[in-house]
Amino acid sequence: MSNTLSAPPNASPTDTSFPHLDLSSELARHLTITLGHDFTGDSTDKQNSEYLYQALAITVRDRLVPIWLETWKKTCLSEDRKVYYLSLEFLIGRSLTNAVENLDLDEDVRKALRAYSVGMEEVADKELDAGLGNGGLGRLAACFLDSCANLQLPVVGYGIRYEYGMFHQHIEDGRQVEDPDRWLRDGNPWEIKRPEDTRRVRFYGRTENYYDEHGTLRPRLVDSYDVLAVPFDMPVPGYRNDTVNTLRLWKASTTDVFNLSEFNAGSYPEAVAAKNDAEQISMVLYPNDASENGKELRLKQQYFLVSASLQDVIARWVEQHGEDFSDFGRKNCFQLNDTHPACAVPELMRLLMDEHGLEWDDAWDVVTRCMAYTNHTLLPEALERWSVGLFSRLLPRLLDIIYEINARFLKLVDQQWPGDVAMRREMSLIEEGDNPHIRMAYLAIVGSFSVNGVAGLHTQLLESGLFKHFNTLWPRKFNNKTNGVTQRRWLSHCNPGLRDLLNETIGEGWQKDLTKIKELTPYATDADFRKKWIDVKQENKARLSDLVVAETGVRFDTSFMFDVQVKRIHEYKRQLLNVLHIVHLYDRILRGETAGMVPRCVLIGGKAAPGYHVAKLIVKLINDVAKKVNNHPAANDLLKVVFFPNYRVSSMEVICPATELSEQISTAGKEASGTGNMKFMMNGALTIGTLDGANIEIRENAGAENFFLFGLDAAEVTELKKDYRPNEIIAADEDIVRIMNLLESGHFNPDNPGLFDLLTSGLRNPQDPWVTIADLRAYIDAQAEVGKAYQDVDHWNQMSILNTAGSGWFSSDRTIQQYADDIWDVRPLS
Ligand code: 26V
């Protein structure tokens, strides 16, 4: 290869064979020339690996860019249908290792780093997580983009480039403390700013009627306050397939020039203040993941994302097709990730009518051909409702359109249920009352051609419960798409030991097509194979153990069972149930009743929404129980408990390969799907779980005999709630009495009596929505079964192998193929 850095004159910059130096030379060049770092060679210089990370990221990015430009061009020029995944959250985590592995640069990178005596892991560890999401919904969006790129589908992600992502959590005196997440502090080598595609988003103002050039009276928005949306593109590399898709993230901005000339002429301080105001919009991710929240800034974020993205797609359409929108609905599809981007329905109506001159019926036809909505929760408190008052101030023109959509929709309701006033009130997009609200889920359903749930049970419950009238009206709109996760990050990348073992046993095909993992099944009964399986797990346990001691000071013994629950802290997820079991084990230890007890390390991790008092108290309880247990000499050989701080994507990459028991213990009917459950299963953990969300499908695919089931099912929970008497259940069970006594006597909080009363009285409350006490006995018994099973090492590992072998269904490649076939009607880019 010629030793030149520039392309020969005849090479197009998007030519994927764009010449490169060998990776080592490029790395060296970026380290010294681009970053100006004088490598010391001193292995104690912490700066070295930081600089190496930056240089390596740029080196790898250089290789992505030509493929990226090529894919973008192909996508834009293609006459086939395209998909836009609209999401307020993309929980990406780290990008370097993902890019390296997908581009098959592993070997080259390791070789290049040898010159600096630094390992890939140490360098990769310097990358800060892109934590632009709360939990499952955001991580799902990231897995979906990975699978779309793997399948070479023309899908673009659209989101917000939050300056601060999910907050950083640390623990002080057992309590959660939040710090801002400065993920952009050292710059972001993965993004490319595209100022030429800046869009203008209009807030406030009022609707005015005017005569257009044909003399027709038309409405339009005037006197608006405008904000600029500047796109930053992030690459989404496909797996070794010459594809790099795009995630376009919008940053809010306004230039001083723009402000001064547009609406602040002559008033410099106000202009600068307005700039701040505009930039607030993309400043911070809202850290709530379940409770409805009526904050104006949040609605601004939603509209900002939606308007900028729709304008972006329309601008490219007009470039190619002019003002003819007759085919727009057939050639484009917008997947709404929950109701957060549901303003897309009225906003696309507005853009088509007010800016591109379409009449209502034509615009509505376009909209309802290209919008599709995914629901991610059944919790009523998480269903978005926006006050009409706020909406009319912030988005007055959109409110006009929503009223018109509603009027037309209610006519349809009236045809289906003539004269049924109650039905009209129930189904209306507007919840009437002193303070009327817009029901965003209903708006999304009415405006979409597809509505999907995220696991079999969840979809059934949507159809028969939350959305039952809509299902009667439009049964064909409703469909299920059980979630999945990408095996490239959640098996291949995070569990290299298992990856190598799988590759040598069944070949490498599973990385692109996880159905092939089934071929592992016969090896469950192969003793030699099981030995290797155990060795891999032990190595992973040692790796996690090192991390746990570094993070918490507690040492996990790798001969103990690793029992893990990591997820957002929420009452419905029932971390409390886990704590009650820990207290039960501790109580047995105190009483010396330890016969047959299997030593366990219990790890619990997750963030609590900063305003969710009960969740934060649960964090405190976990920490206080852990402290007591870990300091009791009698517990030393049997039980260790930690609260793992600042749980995030990159910590899950260490946690899930080491886990032996996966805790999926939500109140049945409350967890829409779960996706952590799938990551654990893929990595060979056994699940202890309720019949909730995707647990049901996990059990079917692993085999019921390889899953620890306990507790009430969704129908039984509903039935029980009619007459739930937790105090009677407690009184009738000596173990539970002792657990409650320990908690209520202040054993874990001697200096702070009454601290946990809110939690214990919640458990005793007949109105407890999560019926934790109802499932406790079954849970304790199932945990005893787990203990017994763990002692039979051969059988346990047989079950473990069968879990991995049965995980093929849970690849997000399968999920995305179903979206592509059943909803999007899109094919790979040729
Ligand atoms: C709601 C809100 C409301 C206020 C502001 C911020 C915010 C952010 C997110 C949400 C909705 C959370 C819904 C959610 O995360 N659902 C989860 O989706 C996963 C992917 O489908 C699924 O596996 C989980 O079971 C489900 O809880």
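Model, not experiment: these values are computed from the prediction. Start at 1 and go down the list; that is how both ligands and their atoms are numbered.
A donor-acceptor pair shorter than 3.5 Å can be found between the side chains of Ser450 and Asn479.
Each of Gln169, Lys616, His170 was compared with Gln176 under the side-chain hydrogen bond (donor to acceptor under 3.5 Å, both in side chains) criterion, and only Gln169 meets it.
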As a test of reading the model: which N/O atoms of the protein lie under 3.5 Å from N/O atoms of ligand 1, and at what distance?
unit_1: ligand 1; atom_1: 16 (N); unit_2: His376; atom_2: O; d: 3.0
unit_1: ligand 1; atom_1: 21 (O); unit_2: His376; atom_2: ND1; d: 2.6
unit_1: ligand 1; atom_1: 21 (O); unit_2: Asn483; atom_2: OD1; d: 2.8
unit_1: ligand 1; atom_1: 23 (O); unit_2: Gly674; atom_2: N; d: 2.8
unit_1: ligand 1; atom_1: 25 (O); unit_2: Glu671; atom_2: OE2; d: 2.6
unit_1: ligand 1; atom_1: 25 (O); unit_2: Ala672; atom_2: N; d: 3.4
unit_1: ligand 1; atom_1: 25 (O); unit_2: Ser673; atom_2: N; d: 3.0
unit_1: ligand 1; atom_1: 25 (O); unit_2: Gly674; atom_2: N; d: 3.0
unit_1: ligand 1; atom_1: 27 (O); unit_2: Tyr572; atom_2: OH; d: 3.2
unit_1: ligand 1; atom_1: 27 (O); unit_2: Glu671; atom_2: OE2; d: 3.1

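Arg814 places a side-chain N or O within 3.5 Å of a backbone atom of Asn483 that can act as its donor or acceptor partner.
By the salt bridge (charged side-chain N to carboxylate O under 4.0 Å, His left out) test, Arg699 pairs with no residue at all, sequence neighbours left out. Asp821 is linked by a salt bridge (charged side-chain N to carboxylate O under 4.0 Å, His left out) to nothing, counting only residues two or more places apart in sequence or in another chain. With sequence neighbours excluded, the residues forming a ring pair (Phe, Tyr, Trp, His ring centres under 6.0 Å) with His570 are Tyr572, Tyr612, listed by chain and number.
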